[in-house]
Every structure is written in structure tokens, then in C-alpha cells.
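Report on one structure; see the data block that follows.
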Amino acid sequence: MDVMIKKTRSLGFVLVFLAIFVSTSAQNIKPVMVNVDKPLTEIQPTMWGIFFEDINFGADGGIYAELIKNRSFEFYNPRMGWSIGMEDNDSSHFQIVNRKHNYPGNPRFARIRVDEPQKPVRLTNSGFRGIGVKAGVDYHFSIMASVKENSKLTIRAELISSGGDKLGETLIQPNGNWKKYQATFKSSATDLKAHINIWFEGQGVIDVDMISLFPGDTWKNRPGGLRADLVQLLADLKPGFLRFPGGCIVEGHDLSVRYQWKKTIGNVEDRELIVNRWNTEFAHRLTPDYYQTFGLGFFEYFQLAEDIGAQPLPIINCGMACQFNTAEVVPLDQLDPYIQDALDLIEFANGPETSEWGKIRTQMGHPGSFNLKYLGIGNEQWGPQYFERYILFEKAIKARYPEITLVSSAGPQPDGDLFNYASGALKNTRAEIVDEHYYRPPVWFRENAARYDNYDRKGFKIFAGEYAAQSVGTASPLNKNNWDCALSEAAFMTGLERNADVVVMSSYAPLFAHVDGWQWTPDLIWFNNLTSFGTPNYYVQKLFSVNRGDYVLAMQRNNLPLTGEDGIYASAALDKSANEVILKIVNTSDKVKNQEIVLNTTRKVLPKARYIVLQNNKSDGMNSIENPKAISPVEKEFTLKGRKLNATLEPYSLSVYRIKLK
Ligand code: AHR
């Protein structure tokens with residue numbers, strides 16, 4: 001017993017001693033100094049952007065608002081997505097006809113035969129994992145049809161809920177040769193997984209193609225346009241640039257299915273679809289019904305960039321297929337058509353209305369230039385085979401368009417042999433901006449917050465083009481968009497901002513994922529057929545982007561930048577037009593940190609200021625369709641004493657302070 005009391009007493013002394021020690025050392029935390037009057041370097045408007053790739057149903061089944069899957073019967077299995085409501089299952093009522101030789105862009109159509117009025121034929125399409133419809137919203141149904149001689153047929157399209165109720169319908173009376181018919185109806189209810197029946201009633205034979213259903217409430221109400229909620233989430237990020245269309249889909253599994261921008265413009269029905277290379281990429285997430293219809297093509301990408309105020313950054317194939325797949329290359333002496341595609345793309349974006357490609361842009365409804373300034377040569381290419389191709393692109397593009405800034409690849413890894421080879425090889429080119437990719441564990445992001453502090457200031461600039469903390473492993477299907485990952489990315493991003501003289505662009509990857517149709521996780525924005533939500537990583541991106549600032553300010557403790565000591569990471573910027581100092585502080589520790597911050601300035605500092613906090617106590621905390629804003633920013637106010645701010649940094653938090661100057 002005696003021994004017990006003695007032990008308890010001595011434990012008490014130790015605790016008291018520890019408490020005194022901890023509080024004294026807390027008091028000894030040096031103030032953070034922010035040098036307001038000597039801005040260091042400009043932060044480019046392109047600093048925080050977005051990277052769009054058609055992965056995870058990002059385009060077809062996602063932002064491209066088409067609700068019918070395989071609308072033109074061009075999938076590898078042309079019946080995929082369609083079922084026929086015939087009891088005898090006689091395929092002659094639903095034939096696929098191929099006219100490849102006279103219509104290579106859209107060779108197949110369906111031929112429907114109705115034998116007698118009592119036996120109408122029904123085609124059913126259940127969209128991309130169901131058709132999401134909303135009560136009261138208009139739905140625009142369209143179909144191309146050619147009615148055979150002596151046939152009298154009516155087309156009746158009806159929307160059916162997951163419970164079997166009719167939600168709306170419309171009738172079309174086709175006649176004569178190929179024509180496009182359109183009709184609009186409203187849905188009487190909201191349903192996440194409705195389907196559409198298309199009835200052919202009467203008697204005779206009819207050919208049909210491009211069977212389409214679009215909601216009326218698209219972004220800017222554009223017919224055949226984009227899903228408004230998803231574009232809004234992008235617009236809210238105020239992105240500096242939009243990189244598109246990939247990613248690995250630029251390269252293709254082999255060169256025959258590489259991305260060719262010229263096939264993605266003009267009339268939608270003439271855009272030749274190809275398989276999406278994410279279709280069979282992962283055996284654990286096979287998506288055999290994933291194709292690229294190119295309804296979202298290069299014109300629409302440029303338009304999207306313009307709509308959301310982002311610089312367009314297209315990436316073109318450089319004569320190389322994905323090196324993780326076939327690694328097929330085009331011989332150097334046959335590279336010209338690829339280079340010509342790049343030159344023509346610049347003309348399509350910027351050329352006068354009278355130029356060959358500028359004229360097509362004008363015909364598509366955009367006479368003015370898209371103001372293209374950047375062009376990426378290849379996606380995630382590596383090795384000598386890349387650089388020998390890259391220099392030929394560079395030579396031809398710079399000769400004709402010296403004003404275009406080129407983005408080159410540093411390969412798939414941020415370190416190791418491929419990266420080191422690329423870094424050396426790039427020095428022998430006139431590389432301007434180099435695209436580095438980092439799919440790494442959360443700890444890597446925290447440990448690399450100072451990655452660019454000692455980078456070569458005389459060489460090329462950096463585009464942190466694809467990054468995301470992987471909670472389990474690169475592209476593991478178990479990866480989560482959790483708070484640990486998001487906070488680690490925030491820590492890393494303070495390092496990008498602090499080095500804005502080197503890092504001129506950055507973007508999270510991938511951007512979108514359909515909850516029922518994804519191949520790769522983590523992703524910035526998740527959605528189902530009706531709603532969408534931003535992950536904690538999304539809110540980190542948003543806080544950095546909407547609080548960008550124009551100039552980096554030195555922010556130091558003990559004359560050193562804050563790169564993780566004590567779990568604290570920070571950067572500071574000056575917003576010239578708002579006349580505000582912006583501090584971004586990440587506390588990755590599990591403790592509240594009280595930190596004095598002193599603004600070193602001769603200017604008057606207004607006492608009332610605001611800060612925005614993104615915080616969660618659980619490292620595995622996430623957002624979801626059911627709870628989309630579980631982790632989202634909260635705005636608060638605080639008062640400064642003169643030029644001093646006593647910041648209370650909550651555990652596991654990103655805080656953005658905005659302080660007004662006079
Ligand atoms: O973002 C997913 C893929 O990761 C991209 O397509 C590719 O560039 C990288 O390997």
C-alpha cells in the first residue's frame with residue numbers, strides 16, 4: 001500500500017513538472033513574422049487549376065448530360081445498353097446495320113420491324129447506371145429516323161421510374177428519309193434510377209440512330225450541354241486553368257485509340273466514338289460499357305474553360321501510346337501528322353475566322369479566339385523516345401507560334417530513375433513548364449512541403465499537374481478522400497505557394513468520379529445521377545484557389561519558413577486589389593496551437609478581420625452524398641491588436657486568415 005502511495009506521489013510530481021515544462025515551452029514558441037512590405041514574387045493567375053479527364057464516368061455518364069448510353073449503337077457490342085421487349089426474342093425486330101463505307105464517323109444504326117399493330121416493339125435503355133430525373137424538369141428527347149416505304153409508325157418515348165411508374169412521355173410521328181425529330185416532356189417525379197422505353201407502334205420498318213435524352217436544366221441551358229451542378233462545382237473553384245482531355249486517355253491503350261481532337265468537333269452525330277481506355281484498365285473495376293462519344297469534344301472543352309474563367313491547357317498526343325500499356329510509338333519519320341494536329345489545334349483555338357480551322361470554330365458558334373496560351377506535348381511520357389519526339393514538336397510549334405508556352409512531361413513519378421532521366425533531358429531542351437505528377441501517401445506530402453525551396457531558379461517552371469494523397473496505395477480501389485489526405489495536401493500546397501516563382505500551375509487528380517461507375521480513387525468530386533459533392537480535398541483546393549493572392553510574402557518563425565516543425569505549415573500572400581494579407585496555416589498536430597503572428601509593415605492594419613477554417617478531428621473523416629458538407633469551410637471573425645494576431649490553430653485544421661490593410 002505504502003509503495004502504491006509513493007508511486008502515485010512521484011507520478012504526480014512528474015505530471016506537475018511536465019505541465020510546467022509544456023506551458024513554458026508553449027510560451028517560448030517564437031512569433032511568426034510576416035514581411036508585408038516586401039512582396040517576394042508574383043503568384044501566377046494559373047497557380048491553382050483543374051485537370052479534367054474522362055475517367056470514372058467523368059464525361060460520358062458524368063458532366064456530359066446525355067442520359068442515353070450507346071445512343072448511336074457504336075459500342076463494341078452495338079446492343080450494349082439496349083434491351084428489346086419482345087417475348088419471342090426474335091432479333092430480326094431489332095437489327096444492327098453497318099454502313100461503314102459511306103459513313104465512317106457513325107457507321108451503325110438500328111432497324112426496327114413491327115409486324116402488326118397489336119405487337120409494338122419496345123427498346124429500353126437504362127442510361128449510365130440508371131437515368132437520373134427530376135420532378136418538373138423538361139427532358140428533351142431526340143431521335144434520327146428513316147421510315148421505309150409502306151410503313152406507318154409512331155415513336156412513343158416514356159420515362160419509367162425505378163418503381164415502374166410512368167413519369168412522362170412524348171409521341172413522334174416520323175415520315176420519309178433520315179431526319180432528326182425532337183420532343184420535350186416533363187418528369188412528374190424525381191428518381192435516381194429511372195429508365196426509358198421507346199415504343200415503335202403501328203406497322204412497318206424504321207431505321208433509327210442517335211437516340212438521345214437531355215435534361216433542360218443544363219449549364220447555361222445549352223441544348224446537348226453539360227450537367228449544371230458539376231460545372232458549378234468547377235466554377236466555384238475559380239480555377240486558373242483547365243487541363244484537358246487527360247491523362248492517359250490522350251495516349252490511348254495503343255495509338256489507334258489515342259485522343260484525336262479533330263474527330264471530336266463538328267456535328268455530334270459525326271464524331272467517331274472510341275473505347276475509353278479506362279474501360280478494361282483495372283481488372284478489379286472493369287467497366288466494359290465505358291466509351292468516349294465526344295459529345296464533350298474540344299470545342300466544348302474550350303467553351304467550358306471560357307465559361308469558368310480558366311486558361312485552356314489542351315494536351316495532345318505526341319506519337320506515343322500509354323507506356324503503362326502497349327508503349328506503341330509512331331516512327332520519327334511519320335510524326336508529321338501528329339505535329340500538324342498540334343499546329344491545327346492552335347489555329348482552331350486562336351486563328352482568324354478566315355483560317356481553315358478558325359472557320360470551323362466560327363461555324364460551331366465561336367467566331368472569337370479562345371485565347372489559347374498553353375499547349376501540353378504528351379501526357380505522362382518518359383524515356384529518350386519522348387524527348388526525341390518532343391524536340392520535333394517544339395521546333396515546329398515555336399517556329400510558327402513562338403507565343404505559345406509548351407508544357408512538357410517529367411514522367412509518372414516525382415523521383416527515381418525515370419524522373420532523374422527526364423530532369424537531365426529537359427535541360428537539353430528549351431522546356432518552359434514541366435509537368436510533375438505525385439500520387440503518394442499522405443506522409444510524402446507533409447515531408448515534401450519544402451520540395452521546391454531549393455529548386456533551380458534559373459531553369460524551367462513547374463506544373464504540379466497531377467497530385468493526390470493515396471491513403472492506401474497508388475490507384476488502390478481502397479483509397480479514400482479522407483481528411484488526413486486532404487490536410488496533407490494542404491501542407492504540401494503551402495510549399496507550392498511559397499515557391500510561386502518556380503511553381504506556376506498545379507492541379508489535383510483525378511477530378512470526377514461517379515459513385516457507381518468509377519475506376520480510380522481518390523477523386524476530387526463525387527456524384528450520382530442526381531447530385532454531387534466536393535470532398536475535403538475539394539475544399540482544400542477551393543480555399544487555396546479563391547484565396548490565391550498576387551504576391552508571395554515571407555512568413556517565418558525563427559527566420560525559417562514553416563514546413564512542418566511542430567506540425568505547422570504556412571504560407572502568406574498579398575491580394576493587391578482587395579488590399580489584404582492572406583495567411584494559410586495548416587496544423588497537422590492533434591493539439592491546439594496558440595501562435596502569435598506579427599505583420600511587419602508600416603501600413604495601418606484594420607482590427608476587424610475574418611478567417612476561414614476547415615477542420616475535422618478524425619483523420620478518416622469524409623464527405624458523402626448523404627452528408628456532402630461534413631467537412632467544409634466555416635467562416636469566423638477575429639480582432640487584431642495593432643499588427644499582432646494571436647492565432648488559435650485548431651488541431652487538424654487549415655485556417656485561412658484575411659487581414660485588411662489601409
Ligand atoms: O489521374 C489518373 C491517371 O494517372 C492519369 O490519366 C495519368 O496521367 C496518371 O497516371
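Keep in mind that what you see is a predicted model, and the values were worked out from it rather than measured. For ligands, and for the atoms within them, numbers begin at 1 and follow the listed sequence.
If you check which protein heavy atom lies closest to atom 10 (O) of ligand 1, you get Glu380 OE1, 2.6 Å. Here the protein heavy atom with the shortest distance to atom 6 (O) of ligand 1 is Glu53 OE1, 2.5 Å. The shortest contact between atom 1 (O) of ligand 1 and any protein heavy atom is with Tyr439 OH, 2.8 Å.
Near Pro510, meaning under 4.0 Å from one of its heavy atoms, ligand 1 places the atoms 1 (O), 2 (C). In summary, the atoms of ligand 1 found under 4.0 Å from a heavy atom of Asn379, numbered by their order in the structure, are 7 (C), 8 (O). Of all atoms in ligand 1, listed by their number and element, those nearer than 4.0 Å to a heavy atom of Gly247 are 5 (C), 6 (O), 8 (O).
Considering backbone and side-chain N/O of Cys248, one or more are found under 3.5 Å from N/O of ligand 1.
Glu251 and Arg258 are not joined by a salt bridge, as no carboxylate oxygen comes within less than 4.0 angstrom of a charged side-chain nitrogen. The residues Asp344 and Lys262 are annotated as salt-bridged, a charged nitrogen and a carboxylate oxygen being separated by less than 4.0 angstrom. Remark: Arg227 engages Asp229 in a salt bridge, criterion side-chain N to carboxylate O under 4.0 Å.
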Exercise for the section: Could you please spell out the steps behind the ring-ring contact (aromatic ring centres under 6.0 Å, His included) verdict for His437 and Tyr467? Expected result: CA-CA 6 Å; His437 294 180; Tyr467 64 90; 10.0 Å; no
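Side-chain atoms of Glu466 and Tyr438, non-hydrogen and from C-beta on, never get closer than 4.5 Å to each other.
A cation-pi contact links Arg285 to Trp518, judged by a cut-off of 6.0 Å to the six-membered ring centre and 45° from its axis.
With a 4.0 Å heavy-atom cut-off, ligand 1 is reached by no atom of Ile249. Counting heavy atoms closer than 4.0 Å to ligand 1, residue Tyr508 contributes nothing at all.
Trp483 pairs in a side chain to side chain contact (heavy atoms under 4.5 Å, CB included) with only one of the listed residues (Ser653, Pro536, Pro442, Ser619), which is Pro536.
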